[in-house]
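A short write-up of the structure that comes next.
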Amino acid sequence: EVQVVESGGGLVQAGGSLRLSCAASGFTVEDYAIGWFRQAPGKEREGVSCIDKKNGGTYYLDSVKGRFTISTDNAKNTVDLQMNSLKLEDTGVYFCAADPSDCTVVVTSTLSYLEVWGQGTLVSVSS
């Protein structure tokens with residue numbers, strides 16, 4: 001059974017950092033495109049970042065470029081999202097999702113279209 005579980009969320013002051021982790025089971029992170037999404041209260045879910053090792057692709061939402069970094073840890077079979085210089089508008093529930101396609105599909109599709117997604121982890125940025 002393929003599964004992803006997010007961790008690492010929490011409360012942080014603006015300007016601070018958090019590292020989210022998406023732990024995969026039932027598949028290898030190098031073989032899938034894996035994306036991070038977020039949903040803020042009252043707003044639509046948006047794709048934040050994606051990594052696709054087999055095709056060599058990465059994606060970042062414009063508003064997080066230069067602040068967030070996505071990476072894979074093959075030993076742990078995780079995809080991590082390092083978030084620096086956090087802003088109030090980064091607040092939301094962060095989900096990871098995985099699919100054997102590519103980042104274009106992952107970032108533009110609804111979660112239900114993708115093979116697997118997690119329950120999310122809450123990131124709260126305070127002033």
Side-chain angles (χ1 to χ4, degrees):
E1 179 185 6
V2 293
Q3 187 178 12
V4 293
V5 178
E6 304 93 338
S7 63
L11 176 64
V12 63
Q13 284 193 324
S17 298
L18 280 176
R19 188 176 184 88
L20 305 184
S21 186
C22 174
S25 59
F27 68 97
T28 301
V29 295
E30 281 197 320
D31 295 334
Y32 276 55
I34 301 178
W36 281 97
F37 301 78
R38 68 186 178 193
Q39 186 159 21
K43 295 186 177 181
E44 291 190 355
R45 187 177 299 120
E46 59 182 353
V48 174
S49 185
C50 181
I51 189 165
D52 177 5
K53 280 287 196 179
K54 65 183 184 304
N55 293 313
T58 56
Y59 163 84
Y60 292 98
L61 184 67
D62 283 347
S63 62
V64 308
K65 286 180 180 177
R67 300 188 297 121
F68 290 11
T69 303
I70 194 169
S71 62
T72 60
D73 186 326
N74 295 335
K76 296 180 180 178
N77 206 35
T78 63
V79 172
D80 300 330
L81 186 68
Q82 177 66 41
M83 307 187 297
N84 299 329
S85 303
L86 283 162
K87 303 177 180 180
L88 296 179
E89 53 264 40
D90 293 320
T91 293
V93 179
Y94 283 68
F95 304 84
C96 74
D99 197 81
S101 55
D102 56 42
C103 281
T104 299
V105 172
V106 169
V107 172
T108 59
S109 299
T110 58
L111 289 183
S112 60
Y113 180 80
L114 305 174
E115 182 164 324
V116 60
W117 62 95
Q119 295 300 307
T121 185
L122 178 62
V123 172
S124 296
V125 183
S126 64
S127 57

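Since the structure is predicted, the reported quantities are computational estimates derived from the model, not experimental observations.
Interatomic distance, CG of D99 versus OG of S109, reported as 7.0 Å (0.5 Å rounding). Taken to the nearest 0.5 Å, the CD atom of Q119 stands 9.0 Å off from the CD atom of Q3. For the atom pair S126 OG and L11 CG, the distance stands at 5.0 Å (nearest 0.5 Å). Here the CG-OG distance, from D90 to S124, works out to 11.5 Å after rounding to the nearest 0.5 Å. Put simply, OG on S17 and CZ on F68 are 9.5 Å apart, with the number rounded to the nearest 0.5 Å. Here the CD atom belonging to E44 is positioned 11.5 Å from the OG1 atom belonging to T110, to the nearest 0.5 angstrom.
You'll find the side chain of M83 stays beyond 4.5 Å of the side chain of R67, heavy atoms only. Contact check for V4 versus F95: no side-chain heavy atoms found under the 4.5 Å cut-off. Between T72 and N74, some side-chain heavy-atom pair lies under the 4.5 Å cut-off. Contact of the N77 side chain with the F27 side chain is not registered, since no non-hydrogen atoms from C-beta on lie closer than 4.5 Å.
With hydrophobic clusters built from ILVMFWY side chains whose heavy atoms lie under 4.5 angstrom apart, V116 shares a cluster with I51. In the hydrophobic cluster analysis, where Ile, Leu, Val, Met, Phe, Trp and Tyr join through side-chain heavy atoms closer than 4.5 angstrom, Y94 is grouped apart from L114. Using a 4.5 Å cut-off between side-chain heavy atoms of Ile, Leu, Val, Met, Phe, Trp and Tyr, with links allowed through other members, V48 and V12 fall into the same hydrophobic cluster. The cluster map of Ile, Leu, Val, Met, Phe, Trp and Tyr, joined by side-chain heavy atoms under 4.5 Å apart, puts V2 and Y113 in different clusters. Hydrophobic clustering places L20 together with L61 (ILVMFWY residues linked when any side-chain heavy atoms are closer than 4.5 Å, directly or through intermediates).
One N or O on the side chain of T91 and one on the backbone of V125 form a donor-acceptor pair closer than 3.5 Å. No donor-acceptor distance shorter than 3.5 angstrom exists from the side chain of Y32 to the backbone of A97, with no hydrogens or angles considered. With hydrogens and angles disregarded, no donor-acceptor distance shorter than 3.5 Å links the side chain of E6 to the backbone of T121. A donor-acceptor pair under 3.5 Å links the side-chain atoms of S49 to the main chain of Y59, judged by distance alone.
Shortest non-hydrogen contact noted between V107 and F37 is O-CE2, 4.2 Å. Between S101 and V106, the closest heavy-atom pair is OG-CG2, 4.3 Å. Scanning both residues, D80 and W36, for their nearest heavy atoms gives C-NE1, 4.2 Å. When every heavy atom of A33 is checked against every heavy atom of C103, the shortest pair comes out as CB-N, 3.8 Å. Taking all atoms of both residues into account, the shortest heavy-atom contact from I34 to C22 is CG2-SG, 4.4 Å. When all heavy atoms of V29 and A24 are compared, the pair lying nearest together is CG1-CB, 3.7 Å.
Under 4.0 Å is where a charged nitrogen must lie from a carboxylate oxygen, and between K65 and D62 at least one such pair does.
N84 and Q82 share a side-chain donor-acceptor pair at under 3.5 Å.
More than 12 heavy-atom neighbours from other residues, nucleotides or ligands sit within 6.0 angstrom of NZ on K54.
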Could you give me the CA-CA distance, side-chain angles and deciding distance for L111 and R45, then say whether side-chain contact (heavy atoms from CB on, under 4.5 Å) is met? CA-CA 9 Å; L111 289 183; R45 187 177 299 120; 3.5 Å; yes
